[in-house]
Amino acid sequence: MYQFHYVKAKSLQEAGEFLAAHPDAKLLAGGMTLIPTLKARLAQPSHLVDVGGLAELAGIEVKDGKLRVGAGARHREVAMSAVVRKAIPALAELAGVIGDPQVRNLGTMGGSVANNDPAADYPAAVLALGATVVTMRREIPADDFFQGMFATALEPDEIVVRVVFPVPKRAAYAKFPHPASGYAMAGVFVAENADGVRVAVTGAGPGVFRWQEAEAALGKNLSPAALEGLTVEAEGLNEDMHATREYRANLVAVMAKRAVAKIAGK
Amino acid sequence: MAKVEITVNGVKHAREVEDRALLANFLRDELGLTGTHIGCDTSQCGCCTVHVNGQAVKSCSMLAVQANGAEVVTIEGMAKNGALHPIQQAFTECHGLQCGFCTPGMIMAVAGLLKDNPNPTDEEIYHGLEGNLCRCTGYINIVKAVKRSAELLGGK
Ligand SMILES: Cc1cc2nc3c(=O)[nH]c(=O)nc-3n(C[C@H](O)[C@H](O)[C@H](O)COP(=O)(O)OP(=O)(O)OC[C@H]3O[C@@H](n4cnc5c(N)ncnc54)[C@H](O)[C@@H]3O)c2cc1C
Ligand code: FES
Ligand code: FES
């Protein structure tokens, strides 16, 4: 690991000011992405500004009919939260299959969406549910937030404060995890929202994306049969030592059917 | 450098550490608690699992400064007054280890699992130990050891 200076932020404002004044500083939340990245010497920040445990980023509640999850909420808290389980059980279920227990004990909602790993789970839920990412300076709709591999609409010194999820009528997530890391080889989140069905795919492409053909078909008939014969284009999907793009394209269709079967079974 | 105060297995340690020091290295190199193993570079093997404020974490993926003020329990803190902890006892009885390299982390992860779920099913054990890799046992006896631990701890 390269050298850096560690700074424990006492407030959000202090963290924001520090980032603005130090262009090579980085926020540290759960560290479950950042620390492995530093260990591999894939980044060389001047400072780490620790926002772990800041009260301003904590909290999970339903307000004005929407589920608000603080950026500092650990995956474990989201998975176990009675509030999340009641409002959007599929989101609690998703949080419970991120990585492994030790990762879930530290990793956070804010870190996961800000990082936008192409194989991360939360981005699929955020996009399918049409959630809003709230930062210290603005509110960013999911459709504008995710911008491809590890890229988001965030400015370098912008801090995610919470994610606000509209409560869907029904939703489900199905994931084919990588057997060692737990990251999604393909993960599909299907949501029946007030304004129609949305299908978001993670793990398969360079970034989370909506599968509009499936959305149209499921909008007419929310059952696995509606997806019969539908396929995503393999061109442009990820290919690596774990799977070809054709295999990933097939996994997307299978995971989508599984997610819809879960919804239809409820 | 940063000043930290970390309570490990009930004893408070005040030290100066490099900002980039990992908790695993702090425990091993500063405190000589070499029961916490380091088995990978990728945060995947779980050999380094310890408890920080009651929760299982991978100490190779946390900075020592992040644990400032925290209560840490390592494998060395499990046995009490010369008597093995029930989970250690169960791993011994069930032959839940061969080379033993993964065992300290495995035991700390099992302790975390059983705190949340005192009487887990096989499926719940597989899911609960996803963060720990064992190259020797094939996991069969580890799963037996978890069930035996649950019995010894009164979960059944
Ligand atoms: C072994 C292992 C397996 C994993 N498996 C999975 C998996 O199956 N699915 C999955 O989705 N993830 C997985 N992860 C990643 C994990 O979910 C991380 O917790 C998450 O990606 C990052 O959250 P964090 O709080 O740890 O962020 P950190 O690592 O602390 O930070 C990540 C990035 O986000 C930035 N950041 C953090 N908080 C904020 C904020 N509030 N505002 C703006 N920027 C911020 C940081 O500067 C940094 O660039 C795994 C990780 C490991 C180590
Ligand atoms: S040493 Fe492998 S996960 Fe920590
Ligand atoms: S007993 Fe050898 S790695 Fe598990």
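When reading the values below, keep in mind they use all heavy atoms of this one structure, side chains included, and skip hydrogens, waters and symmetry mates. Numbered from 1 within each chain, the chains take letters A, B, ... in sequence-line order.
Within the 4.5 angstrom heavy-atom criterion, only side-chain atoms of Leu28(A), from C-beta onward, approach chain B. With a 4.5 angstrom heavy-atom cutoff, Leu38(A) does not touch chain B via any of its atoms.
Within a 6.0 Å radius of CD in Gln13(A), other residues, nucleotides and ligands contribute 12 heavy atoms or fewer. Heavy-atom contacts from other residues, nucleotides or ligands closer than 6.0 Å to CZ of Arg15(B) number more than 12.
Annotation: cation-pi pair Arg20(B)/Tyr2(A) absent, no NZ/CZ under 6.0 Å from the ring centroid and within 45° of its normal.
Heavy-atom proximity under 4.5 angstrom to chain B picks out Arg104(A), Asn105(A), Leu106(A) from residues 104-119 of chain A. Heavy-atom proximity under 4.5 angstrom to chain A picks out Gln55(B), Ala56(B), Val57(B), Lys58(B), Cys60(B), Ser61(B), Met62(B), Leu63(B), Val65(B), Gln66(B) from residues 52-69 of chain B. Interface residues of residues 84-117 of chain B toward chain A, defined by a heavy-atom distance below 4.5 Å and sorted by number: Ala109(B), Asp116(B).
The existence of a salt bridge linking Lys262(A) and Glu93(A) is confirmed by a sub-4.0 Å separation between a basic side-chain nitrogen and an acidic carboxylate oxygen. Between Glu16(B) and Lys3(B) no salt bridge is recorded (no basic side-chain N to carboxylate O distance below 4.0 Å). A salt bridge does not link Asp41(B) to Lys39(A): none of the charged side-chain nitrogens sits closer than 4.0 Å to a carboxylate oxygen.
Side-chain contact between Val254(A) and Phe176(A) is absent, with no heavy-atom pair separated by less than 4.5 Å. Proximity of Val201(A) to Phe189(A): side-chain heavy atoms (C-beta onward) are nowhere separated by under 4.5 Å. Side-chain contact between Val73(B) and Met78(B) is present, with at least one heavy-atom pair separated by less than 4.5 Å. Looking at heavy atoms from C-beta onward, Val11(B) lies in side-chain contact with His13(B) at the 4.5 angstrom threshold. Side-chain contact between Val7(A) and Asp50(A) is absent, with no heavy-atom pair separated by less than 4.5 Å. Residues Met136(A) and Leu12(A) form a side-chain contact, since some pair of their non-hydrogen atoms from C-beta on lies under 4.5 Å apart.
The residue among Leu129(B), Thr42(B), Leu133(B), Leu22(B) with the most heavy atom pairs within less than 4.5 Å of chain A is Leu22(B).
Counting only N and O atoms by type, the side chains of Thr74(B) and Asn9(B) include a donor and acceptor under 3.5 Å apart.
Take His22(A) and apply the ring pair (Phe, Tyr, Trp, His ring centres under 6.0 Å) test, not counting sequence neighbours, and it matches Phe18(A), His47(A).
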